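One structure is given here, and the rest of the page talks about it.
Since this is a predicted model, take the numbers as computed values, not measurements.
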Amino acid sequence: MSREKLIFLTNDDSYRSKGFAAAIEIAKQFGRVIAIAPDSPQSGMSQAITIYNPLYLRKVREEEGVTVYSLNGTPVDCVKMAFDHLFREERVDLVISGINHGSNAAVNVLYSGTMGAAIEAAFYNIPSIGLSLTDHDLDADFEGAVKYGAKIVEAVLGDETLPRPLCLNVNVPNIPCEEIKGVRFARQTRGYWREEFFKRTDPHGREYFWLTGAFSNAEPQSEDTDEWALANGYVAVVPVQVDLTAYNQMEQLKRLL
């Protein structure tokens with residue numbers, strides 16, 4: 001008799017988000033679900049951890065096959081709490097982080113709390129999937145993300161020969177489910193954000209700022225990138241690694257230094 005699979009969930013939009021509920025619906029199809037998610041939105045937290053404040057773990061939902069906790073910390077805090085406290089005696093088969101409200105393609109992977117959690121899970125040698133929908137709306141339609149997310153989860157769980165660590169950055173285009181053309185494996189698009197700060201004055205005469213900005217795609221015509229895949233109706237899947245070494249610069253720098 002095969003062991004029931006255990007899937008851990010987290011996100012960066014909080015345990016109350018619609019995307020998180022959609023992720024639970026995916027995970028329930030494949031096994032028992034245990035989740036720890038932030039108690040408030042934590043977008044843009046990347047690999048941040050909480051050092052100077054206490055963390056409070058609180059069970060907020062329990063039903064057959066699903067247990068959800070909230071934590072007053074970052075997405076990476078949630079992963080560490082799971083694997084260094086909750087799961088000491090249990091084997092986790094897969095981690096899903098998401099479903100994020102908004103794209104984590106291109107350089108967004110470096111800022112994303114969703115992907116920060118997925119990358120952290122890979123440090124524990126557990127296959128992980130960061131799943132995002134390119135729609136920031138709190139009431140976004142997650143039909144396509146659920147359909148294709150489930151396909152990718154099934155494939156990862158079904159192949160024990162996949163390399164470890166394994167971390168996939170999956171982004172789903174914000175189009176009707178029936179218009180999605182399929183899945184494309186891609187590389188991260190080269191590009192950058194240019195921020196703009198809107199200055200305002202509060203009732204006490206103090207200046208404050210709101211951050212906004214726009215992403216600049218440095219290679220819009222490259223058909224092997226995640227941004228191209230999304231713009232052309234495909235789910236973009238990018239295998240993510242943690243090693244940031246610029247190997248192509250090593251020899252020149254050795255000669256220089």
Test side-chain contact (heavy atoms from CB on, under 4.5 Å) applied to Ile7 and Leu157, step by step: CA-CA 10 Å; Ile7 301 173; Leu157 284 173; 4.2 Å; yes

Show the nearest heavy-atom pair for residues Thr225 and Ala186, with the distance to one decimal. C-CB, 3.5 Å

Is the count of non-hydrogen atoms from other residues, nucleotides or ligands lying under 6.0 Å from Gln221 atom CD greater than 12? no

Using the rule that two of Ile, Leu, Val, Met, Phe, Trp, Tyr join whenever any of their side-chain heavy atoms come within less than 4.5 Å, decide whether Tyr148 and Phe185 are in one cluster. yes

In chain order, what residues pass the side-chain hydrogen bond (donor to acceptor under 3.5 Å, both in side chains) check against Ser14, with sequence neighbours excluded? none

Validation row: Val238, Leu168 side chains within 4.5 angstrom (heavy atoms): no

Evaluate side-chain contact (heavy atoms from CB on, under 4.5 Å) for Tyr124 paired with Lys80, printing each intermediate quantity in order. CA-CA 9 Å; Tyr124 292 87; Lys80 289 182 177 295; 3.9 Å; yes

In Å and rounded to the nearest 0.5 Å, what is the OG to CZ distance from Ser70 to Arg61? 13.5 Å

Give the C-alpha distance, both sets of side-chain angles, the deciding distance and a yes or no for salt bridge (Lys or Arg N to Asp or Glu O under 4.0 Å) between Arg194 and Glu196. CA-CA 7 Å; Arg194 283 296 175 262; Glu196 184 175 359; over 6 Å; no

Out of curiosity, does Leu166 fall in the hydrophobic cluster containing Val153 (side-chain heavy atoms, cut-off under 4.5 Å, transitive links)? yes

When every non-hydrogen atom of Leu86 is compared with those of Tyr69, the smallest separation belongs to CD2-CE1, 3.8 Å

Can you see which heavy atom on Asn232 is nearest to which on Trp228, and at what distance? ND2-O, 2.8 Å

Does the pair Val237 and Arg184 meet the rule for a side-chain contact (heavy atoms from CB on, under 4.5 Å), with working shown? CA-CA 6 Å; Val237 181; Arg184 281 179 69 109; over 6 Å; no

Are the side chain of Thr189 and the backbone of Glu227 linked by a donor-acceptor contact shorter than 3.5 Å? yes

Quick check against the 3.5 Å criterion: does Thr134 have a side-chain atom that pairs as donor or acceptor with the backbone of Ser103? no

By the rule that ILVMFWY residues connect when side-chain heavy atoms come within less than 4.5 angstrom, directly or transitively, which residues belong alongside Phe209? Phe197, Leu211

Determine whether Leu131 and Ile26 satisfy the following criterion, side-chain contact (heavy atoms from CB on, under 4.5 Å), listing intermediate values before the conclusion. CA-CA 11 Å; Leu131 184 55; Ile26 292 174; 3.7 Å; yes

With side chains defined as the heavy atoms from C-beta onward, is the minimum distance between Met115 and Glu120 less than 4.5 Å? no

Are Lys151 and Glu154 within salt-bridge range, i.e. N to O under 4.0 Å? no

Working to the nearest 0.5 angstrom, can you tell me the gap between Phe142 CZ and Cys177 SG? 13.5 Å

Hey, quick one: are Leu6 and Val66 part of the same hydrophobic cluster, counting side-chain heavy atoms closer than 4.5 Å, chains of contacts allowed? no

Test side-chain hydrogen bond (donor to acceptor under 3.5 Å, both in side chains) on Asp224 and Ser222; report intermediate values, then the result. CA-CA 6 Å; Asp224 61 342; Ser222 297; 4.6 Å; no

Which heavy atom in Asp202 sits nearest to a heavy atom in Tyr208, and how many Å separate them? N-CE2, 3.5 Å

Parallel, tilted or perpendicular: rings of Phe8 and Phe83 (30°, 60°): perpendicular

Please lay out, stage by stage, how Glu219 and Arg187 fare under the test salt bridge (Lys or Arg N to Asp or Glu O under 4.0 Å). CA-CA 12 Å; Glu219 43 181 350; Arg187 64 176 173 84; 2.7 Å; yes

With salt bridge (Lys or Arg N to Asp or Glu O under 4.0 Å) as the criterion, how do Lys18 and Asp139 come out once you've worked through the C-alpha distance, each side chain's angles and the decisive distance to 0.1 Å? CA-CA 7 Å; Lys18 185 176 180 181; Asp139 194 33; 3.0 Å; yes

CE (Met81) and CG (Asp84) are apart, to the nearest 0.5 Å, by 9.5 Å

Decide if atom CD of Glu64 counts as having more than 12 heavy atoms of other residues, nucleotides or ligands within a radius under 6.0 Å. no

Please determine whether residues Val95 and Met45 belong to a single hydrophobic cluster, defined as Ile, Leu, Val, Met, Phe, Trp and Tyr linked transitively by side-chain heavy-atom distances below 4.5 Å. no

Val109 with Ile129, same ILVMFWY side-chain cluster at under 4.5 Å: no

So do the side chains of Glu195 and Thr212 get within less than 4.5 Å of each other, counting heavy atoms only? no

Given a cutoff of under 4.5 Å between side-chain heavy atoms of I, L, V, M, F, W and Y, with clusters grown through shared members, what are the other residues clustered with Tyr192? none

Of all heavy-atom pairs linking Ile99 and Leu133, the shortest is CG2-N, 4.0 Å

Separation of Ile126 CD1 from Arg91 CZ (nearest 0.5 Å): 8.5 Å

For Glu207, the salt bridge (charged side-chain N to carboxylate O under 4.0 Å, His left out) test, sequence neighbours excluded, returns Lys199

For a 4.5 angstrom cut-off between non-hydrogen side-chain atoms, does Tyr111 reach Ser46? no

Thr114 pairs by side chain to side chain donor-acceptor pair (under 3.5 Å) with which of Asp13, Asp12, Asn11? Asp12

Neighbour count >12 (heavy atoms, 6.0 Å) for atom CD, Gln252: no

Side chains of residues 49-57: which donor-acceptor pairs under 3.5 Å do they make with residues two or more places apart or in other chains?
unit_1 : atom_1 : unit_2 : atom_2 : d
Thr50  : OG1    : Asp77  : OD2    : 2.5

May I ask you to test the Arg16-Val60 pair for a side-chain heavy-atom distance under 4.5 Å? no

Taking the side chain as everything from C-beta on, heavy atoms only, tell me whether Leu9 gets closer than 4.5 Å to Ile24. yes

Quick one: pull up CG in Asn169 and CG in Asp226 and give me the separation to the nearest 0.5 Å. 7.0 Å

I need the minimum non-hydrogen distance between Ser132 and Gly102, along with the two atoms involved. CB-O, 3.4 Å

Are Phe20 and His101 close enough that their ring centers fall under 6.0 Å? no

Would you mind writing out the side-chain donor-acceptor pairs for residues 30-42 within the sub-3.5 Å range, not counting sequence neighbours?
unit_1 : atom_1 : unit_2 : atom_2 : d
Arg32  : NH2    : Glu90  : OE1    : 2.4
Ser40  : OG     : Gln42  : NE2    : 3.4

Evaluate the side-chain proximity of Asn108 to Trp193: yes if any heavy-atom separation is below 4.5 Å, no if none is. yes

Just by distance, do the side chain of Arg164 and the backbone of Asn125 share a donor-acceptor pair under 3.5 Å? yes

Would you say CD of Glu63 has more than 12 non-hydrogen atoms from neighbouring residues, nucleotides or ligands within 6.0 angstrom? yes

